[in-house]
S.K.: 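Dropping a structure here in structure tokens format, bear with me for questions.
By convention in this document, chain letters (A, B, ...) are assigned in the order of the sequence lines, proteins followed by strands, and residues within each chain are numbered from 1. What you see is a predicted model; the values in this text were computed from it and never measured. Only this structure's heavy atoms are used, side chains among them; waters, hydrogens and symmetry mates stay out.
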2 protein chains.
Amino acid sequence: MSATIPQPSHDDQSGTAGEGAATLAEIARAAGVSAPTVSKVLNGRGDVAPATRSRVEDLLRRHGYQRRRGSMQPAPLLDLVFHELESSWAMEVIRGVERVAGQEGLSVVLSESAGRLSPGQTWVDGVLARRPTGVILVLSGLDPAQRAQLISRDIPFVVLDPAGDPGEDVPAIGATNWQGGLAATRHLLDLGHTRIGVLGGPAGMMCSRARIDGYRAALETAGVRYDPDLVVSGNFHHEAGYTAGLELLRRPDRPTAVFTGNDLQALGLYEAARELGLSIPRDLSVVGFDDLPLATWISPPLTTVRQPLTEMAEAAARLVLDLSRGREPSTLRVDLATRLVERSSTAPPAGASGDAAAGSE
Amino acid sequence: MSATIPQPSHDDQSGTAGEGAATLAEIARAAGVSAPTVSKVLNGRGDVAPATRSRVEDLLRRHGYQRRRGSMQPAPLLDLVFHELESSWAMEVIRGVERVAGQEGLSVVLSESAGRLSPGQTWVDGVLARRPTGVILVLSGLDPAQRAQLISRDIPFVVLDPAGDPGEDVPAIGATNWQGGLAATRHLLDLGHTRIGVLGGPAGMMCSRARIDGYRAALETAGVRYDPDLVVSGNFHHEAGYTAGLELLRRPDRPTAVFTGNDLQALGLYEAARELGLSIPRDLSVVGFDDLPLATWISPPLTTVRQPLTEMAEAAARLVLDLSRGREPSTLRVDLATRLVERSSTAPPAGASGDAAAGSE
């Protein structure tokens with residue numbers, strides 16, 4: 001079985017002739033170091049003085065040095081980096097990447113960028129040393145220097161569900177967030193709600209902005225006024241759903257329905273509603289986003305926008321493998337479809353038509 | 001920063017003299033192959049014929065060959081293998097391992113044994129090739145041949161929360177499952193329950209058996225008869241909690257309280273109770289096991305036995321790192337303490353004393 005696993009080639013210190021020797025030699029000359037030293041820097045070896053390393057990195061970047069594709073066998077590893085390792089959201093993504101990795105005889109190296117939106121230099125050093133077949137960054141990106149480092153080593157990368165704006169030339173897999181926000185809000189409008197709040201994700205994250213823009217588009221195309229006071233931001237955690245939920249629901253003119261940035265925040269909102277004695281969906285309709293397993297387990301089961309996280313992760317893994325094999329994808333950005341899943345947390349607003357009570361607990 | 005990261009040494013094919021040449025040479029002679037071929041097998045290289053590999057492995061095992069500690073720098077990787085990658089249970093463990101790995105400049109390679117209780121040969125081949133600093137197996141173990149392979153390469157391993165009986169000489173980290181079952185059941189007895197059901201985990205898993213034994217000990221020391229009809233088995237998933245929960249709750253003499261094998265099964269039991277119109281805790285008290293984040297998010301918040309999963313994972317990572325540094329631990333098996341966390345899913349049985357209604361929804 002192991003015959004199908006690509007094996008890492010060992011020790012390329014003396015093998016620099018095979019990877020664009022002229023340029024590498026030029027860089028060594030410009031940096032005033034030997035070619036093996038440049039090779040050590042390329043391979044993330046720790047035994048080069050920091051000042052030398054940074055001088056060499058700088059020259060590699062300025063000269064646009066790129067290791068020749070196929071000049072070196074990568075390790076049978078896929079690097080998977082999370083913004084934060086939290087909740088079953090991350091588990092859905094891990095499962096998709098593991099599935100593809102398993103089929104391809106690769107192992108998955110898992111890292112967390114500890115809440116930062118780009119991983120630290122320690123991680124980059126590790127990646128250069130272990131030479132994975134590819135890198136998948138979840139809700140995070142690379143700063144320009146990190147990007148240059150990976151490109152110069154010919155290590156392909158893909159961003160999954162980009163939080164920022166990764167640039168048109170960065171391969172990325174996302175979901176149709178805008179359409180999801182549109183569908184969630186239209187569902188609530190169709191039920192008769194007009195005071196619809198949003199308990200959104202972090203304001204700086206593009207996926208979150210797109211969902212709220214979809215919400216706004218649904219309102220405006222239905223002729224319902226957009227009220228910025230009904231839009232609050234969370235951080236995708238349960239706690240934020242609870243605190244921001246209390247804030248929304250304590251208003252005298254509280255919304256009759258809320259679209260939350262994700263399922264965890266919907267759970268927090270459930271708790272806030274319980275605390276205020278509001279029954280879902282009788283007094284408050286709730287639509288989440290993600291469709292994590294727990295959306296079906298809670299009471300009432302959550303109406304939510306399904307984001308195909310496992311499939312997105314599989315697509316990201318396949319894309320980065322294609323890139324590693326020199327296959328240029330036809331498009332660098334693919335958004336997989338979201339869809340509304342109706343369960344029991346939404347109903348017509350109280351006081352609307354006679355069937356308002358139909359969906360109550 | 002990268003200076004603190006141990007670097008993998010490259011290509012030890014010609015370095016066999018440093019790792020017990022006599023024995024290695026003897027094995028080569030006995031197998032009728034060259035010493036570099038034995039070295040390739042040791043390093044999990046794919047370019048050795050399967051028959052040769054298996055002959056060499058057999059001789060390595062029979063001769064008790066063991067690579068000399070420190071003769072080769074391991075890669076700065078920790079291998080983490082799950083029985084199945086499911087739910088936030090796994091995420092709690094991952095977080096603990098990631099924390100220690102990050103502090104030690106190691107990266108985590110994540111694998112799933114796809115529900116089997118020992119990982120496949122593909123995984124072992126990968127481990128031999130990448131030479132991690134250590135291996136942590138969650139709820140799974142190694143078969144004797146796999147164990148011999150890791151021992152011969154001097155790759156230490158630790159079992160976290162062993163499902164089977166890993167043997168006294170296998171380093172393992174667990175939790176005080178028996179005490180947890182005892183505490184959960186005593187809490188219910190103290191509230192006045194005497195018909196207490198168990199919706200246990202898989203009957204074959206030791207952690208699950210220990211919890212049920214703790215339950216039984218609590219009953220018997222309280223003078224309450226143990227009724228095997230009230231004990232059913234699940235598989236730790238929500239669905240099993242629901243189906244086995246319906247089975248328990250549909251009995252004419254249904255229990256007034258149920259101790260579930262884990263929190264996910266408690267959630268399934270909540271659903272079963274809702275379907276049958278039973279209110280928790282008024283008509284049914286529920287105690288879970290694990291204390292996942294969602295235990296506080298559901299309604300009513302779940303009384304459960306806290307298992308310190310993240311701390312257990314940290315302890316497992318530290319133990320395997322100690323072993324990799326040649327430090328023999330004072331004990332090979334450590335169980336971390338569980339403790340009961342009282343929330344709102346437990347109350348005196350209906351019809352008991354006057355305060356029975358106090359905890360109702």
S.K.: Would you mind checking which part of B:L77 comes under 4.5 Å of any heavy atom in chain A, side chain (CB onward), backbone (N, CA, C, O), both or neither?
M.R.: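 Interface part for B:L77: side chain.
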S.K.: So how far is it from B:R95 CZ to A:E112 CD, rounded to the nearest 0.5 Å?
M.R.: 7.5 Å
S.K.: To the closest 0.5 Å, what do you measure between CZ (A:F82) and CD1 (B:I94)?
M.R.: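 With rounding to 0.5 Å, CZ (A:F82) is 8.5 Å from CD1 (B:I94).
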S.K.: Rounded to the nearest 0.5 Å, what's the gap from OG on A:S111 to CG on B:L110? Could you check?
M.R.: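 Between A:S111 OG and B:L110 CG, I get 11.0 Å after rounding to 0.5 Å.
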S.K.: Under a 4.5 Å cutoff for heavy-atom pairs, which residue among B:A90, B:S107, B:A101 has the most contacts with chain A?
M.R.: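 Looking at each of B:A90, B:S107, B:A101 in turn, B:S107 comes out on top.
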S.K.: Determine the option with the most heavy-atom pairs under 4.5 angstrom with chain B, choosing from A:V124, A:V109, A:T296, A:L294.
M.R.: A:V109
S.K.: Shorter than 4.5 Å, heavy atoms on both sides: which option in A:E92, A:E98, A:E271 has the most such pairs with chain B?
M.R.: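 Most heavy-atom pairs under 4.5 Å with chain B: A:E98.
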S.K.: If you look at every heavy atom in B:I298 and A:R274, which pair is closest and at what distance?
M.R.: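 For B:I298 versus A:R274, the nearest heavy atoms are O-NH2, 3.9 Å.
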S.K.: Do any of residues 260-269 of chain B come closer than 4.5 Å to chain A, heavy atom to heavy atom, and if so which ones, in number order?
M.R.: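 Result: B:L264, B:L267.
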